[in-house]
There are 4 protein chains.
Amino acid sequence: MSDPKNDNDTKRSKKREKIMQSALKVFSRKGYSPAALDEVAREASIAKGTLYLYFQDKEDLFSGTILYVMDKLAERMQKNISDTMDPIETMKTLAYEELDFFAKNSEFFGLIHTVMSGNLLGNHRSLLKTINERRFELIEYLKRLITEAKKTGQIKSDIETVDIVYAFIGMIESSIDQMHFIDGTCTAHDRSQSDIKMDIGRKVDTILCILLDGVRTDRRRN
Amino acid sequence: MSDPKNDNDTKRSKKREKIMQSALKVFSRKGYSPAALDEVAREASIAKGTLYLYFQDKEDLFSGTILYVMDKLAERMQKNISDTMDPIETMKTLAYEELDFFAKNSEFFGLIHTVMSGNLLGNHRSLLKTINERRFELIEYLKRLITEAKKTGQIKSDIETVDIVYAFIGMIESSIDQMHFIDGTCTAHDRSQSDIKMDIGRKVDTILCILLDGVRTDRRRN
Amino acid sequence: MSDPKNDNDTKRSKKREKIMQSALKVFSRKGYSPAALDEVAREASIAKGTLYLYFQDKEDLFSGTILYVMDKLAERMQKNISDTMDPIETMKTLAYEELDFFAKNSEFFGLIHTVMSGNLLGNHRSLLKTINERRFELIEYLKRLITEAKKTGQIKSDIETVDIVYAFIGMIESSIDQMHFIDGTCTAHDRSQSDIKMDIGRKVDTILCILLDGVRTDRRRN
Amino acid sequence: MSDPKNDNDTKRSKKREKIMQSALKVFSRKGYSPAALDEVAREASIAKGTLYLYFQDKEDLFSGTILYVMDKLAERMQKNISDTMDPIETMKTLAYEELDFFAKNSEFFGLIHTVMSGNLLGNHRSLLKTINERRFELIEYLKRLITEAKKTGQIKSDIETVDIVYAFIGMIESSIDQMHFIDGTCTAHDRSQSDIKMDIGRKVDTILCILLDGVRTDRRRN
DNA sequence: TATGAATGAGCTTTCATTCAT
DNA sequence: CATGAATGAAAGCTCATTCAT
């Protein structure tokens, strides 16, 4: 019953993944240029040459790794979101998933900055393009959510949709930064999982609370 | 009348600055590792060896350059802020200054990500420490502003001060991102200065508007 | 009736030959070092590892291939020459066969130079030795022909036999070069077979004409 | 009085030459691909990186070295030839210079075969083109000599000029081969200079003797 | 002080060879 | 016998750093 062709494909795929996980660690620790493929190979417990059986070159490994992680994030987001959800509930879920993802994949944090920093050689261009396309898609999706919320009267119409989107994204990313830089040191490794989960739930609530109602004292309530 | 000691010091200082400005350009274009000191020297119209008369090594040059630019930003912020100002007005000014600074020094944008990305060799640690100290100071300062605003009743007490601070910072940084990545391409070079200035003013207003009052439709007003 | 042992030997021999033909193509295109065994294997439609079942290593494959081709040339020469032939007629035949062979196996042309160039690792020595032995044999054979022709009075005695031999060989090799480098480009691929055959006949005639009678105007004839 | 600019240029030029001489040795011993720049550097008593201050890359070093040697040969030929010379005397001189050159620069012998073998990667093309141009020039020059000799009645008109040219070149190259491969081993190192010089003179005479009058017994003389 | 030629460690990449299947 | 994934030595090349001038 076993299909040897498929078996091989699976094995190859698993190994590719193993390599990308190792690459993720090394690229996260060192950034792109200073990361040595020697180290990636050692981390993956394979020979240096083997890398080249799975990836064309260093850049291909880098791109592959980035996209692999981003796919995992996108997948998780899509799994937890349905079209029937309330826009604001959807935003809450998105925020939660992203925060949770970065909490659990803190290695990925540095990589994002590496990508954003633009220290990308010529051929990285295609990666950058892909990343921007994804970012653009996310922004467009958020715009649609906000627009819908405006229609249903949940959100004010006198603030530009795009500004709301960027405010929302900024608040999420700031929370991720906060998680990673605590007391001036890069941590977030030494707390219990439940602590983090609670934290994230609270964080998301706070973000939406501020986004929706602001921080100004509500004088009218009195 | 002229003090030869001071003259020399001034000359040396000017040259250091020239080098850092050249370094800023190159590091911005290439990132840390791929930046070649050859290119910095060429840009500064000096010999490569001369760099080592002003900086200990590449990392020192990088740190120096980063801190030099951050000092310029801090200086500008301090110049435009006085202790007698209203907390919220102060926050507005801070936001404006930061956005304006990054608009005018767009090269610096990538560098910040480079620093954050952690492509930092051992000795970069001290730079990272300094940067985090500055960040910590800024955060503490913002905390004091928020606390004061809470005391004067301008800001609700039931949201944690630190959360407000991070929301604020996130929204500013997101705006900076937005300025630099427009339509998926890194631009912000091709608009008139007045356009940008207006934009920034509007941006800051929107950020504070959202932060203070939120985006939710105000049902109570009716 | 079939002898399984012999059948296997034949099969093995055929495969060896197939491999050498593929190797000939690749070595001709690339030379020794830059030729990749991957490519040889692909060309021969076998797995890379299989090469090592037929040849000890790359050098063995190279030597084997060279000698295989040289054997084919020697075989052809021997087939067309008999002991009863006139020495000069024999030389004509040798020249014709060699020119014809290189015209038909132009890939082999570069290989000869590769061998001569000495890009030969340690173990190539044995190949070089074999080739020199063959060359030596050819030279000795030609010496005998010339000596015989001297005896029969066809050739002057006052020119050293060995000098005549080298002159003859040089003229042949030069003609081969000429065939391969025409107008500064390496061609000899784009002419009809009959054109080439005629050419070769004429070439051989010219070579022997010059070798025998020289190019000087014959004043005595008048 | 000393011009520092010129001094530097001279120094640089001398070093370039030193490197090319070292490269000549290594490329001659190993051929192109197997030659390690490490070894060239060691031979020239410089660091590997220094090579790259004088040559763009390995191919540039190779091309430079080849052309450098060919220039030296061409220079010598031109110095010893004048327009007023008899065509046949000129050919004699050319032959002598070439044989003498290869006798004195026996390292260059292997290199020529390396170049001819065509194991030349993409960018070698420009070298190959240059070499073919030079070869073409030499051939054209010889054609003019032969044509002139035909006009003055020294050389028969019924043999094609180009065939005479190739016969002449082939005989010279064959003599060079003969010098380098004696008794199946590559030698020519272990004979006195005067022996060689005499040898070369005799060689050239023999070549021209054969080329002009052939080897056939002159029956008409009797 | 300023120079820039020289250095050599360290990187990416290739590929002949092996060996478990 | 045949396979081809895995290996790791070896090579070309870059560039931060030094130092004689």
- How far does OG of A:Ser13 sit from NZ of A:Lys18, to the nearest 0.5 angstrom? 14.5 Å

- Message: Classify B:Tyr54 by what it touches in the nucleic acid, base, sugar-phosphate, or nothing, heavy-atom distance under 4.0 Å.
- Response: sugar-phosphate

- Task: Locate the shortest heavy-atom distance separating D:Leu127 from D:Ser63; write the atom from each residue and the value.
- Result: CB-OG, 3.7 Å

- Note on the structure: Rounded to whole Å, NZ of C:Lys30 lies from C1' of E:dC15 at a distance of 12 Å

- Message: My understanding is that only residues two or more places apart in sequence, or in another chain, count here; which of them pass side-chain contact (heavy atoms from CB on, under 4.5 Å) with D:Asp71?
- Response: D:Arg134

- Separation of C:Glu39 atom CD from E:dA16 atom P, in whole Å? 10 Å

- Could you identify which residues of residues 41-52 of chain C place a heavy atom less than 4.0 Å from some atom of DNA chain F, listed by residue number, or say none? C:Ile46, C:Ala47, C:Lys48, C:Gly49, C:Thr50

- Message: Please enumerate all residues that pass side-chain contact (heavy atoms from CB on, under 4.5 Å) together with B:Arg16, with sequence neighbours excluded.
- Response: B:Met20, B:Tyr54, B:Phe55

- Grab the CG-P distance between D:Leu37 and E:dT7 for me, whole Å please. 15 Å

- Message: Minimum heavy-atom separation for A:Phe27 and A:Ala35, please, with both atom names.
- Response: CD2-CB, 3.6 Å

- Task: For A:Lys129, enumerate each residue passing the side-chain contact (heavy atoms from CB on, under 4.5 Å) test, keeping only those at least two apart in sequence or located in another chain.
- Result: A:Glu133

- Start at the 5' end of DNA chain F and walk down; is the nucleotide closest to A:Leu53 or to B:Ala35 reached first? A:Leu53

- Query: Hey, which of these two, C:Asp38 or B:Lys15, hits DNA chain E nearer its 5' end, going by closest nucleotide?
  - Reply: B:Lys15

- Query: How does DNA chain F look in dot-bracket notation if pairs are Watson-Crick or G-U with both distances under 3.5 Å, crossing ones as [ ], other-strand ones as |?
  - Reply: .||||||||||||||||||||

- Are C:Ile46 and C:Lys15 side-chain neighbours, meaning at least one heavy-atom pair lies under 4.5 Å? yes

- Roughly how far, to the nearest 0.5 Å, is the CG atom of C:Leu67 from the CD1 atom of C:Ile131? 6.5 Å

- Of B:Lys11 and C:Ala36, the one whose closest nucleotide on DNA chain E sits nearer the 5' end is B:Lys11

- From the list A:Glu43, A:Glu39, A:Glu107, salt bridge (charged side-chain N to carboxylate O under 4.0 Å, His left out) partner of A:Lys25 resolves to A:Glu43

- Message: Restricting to non-hydrogen atoms, name the atom on B:Lys58 and the atom on B:Tyr32 that form the minimum distance, rounded to 0.1 Å.
- Response: NZ-O, 3.0 Å

- Message: To check you understand the geometry: which heavy-atom pair defines the closest contact between D:Ser28 and D:Leu111, and what is its length?
- Response: OG-CG, 3.8 Å

- DNA chain F: 5'-most and 3'-most nucleotides touching chain C, 4.0 angstrom heavy-atom criterion: F:dC1 to F:dA6

- Return the value, rounded to whole Å, for the distance between atom CZ of A:Phe62 and atom C1' of E:dT12. 16 Å

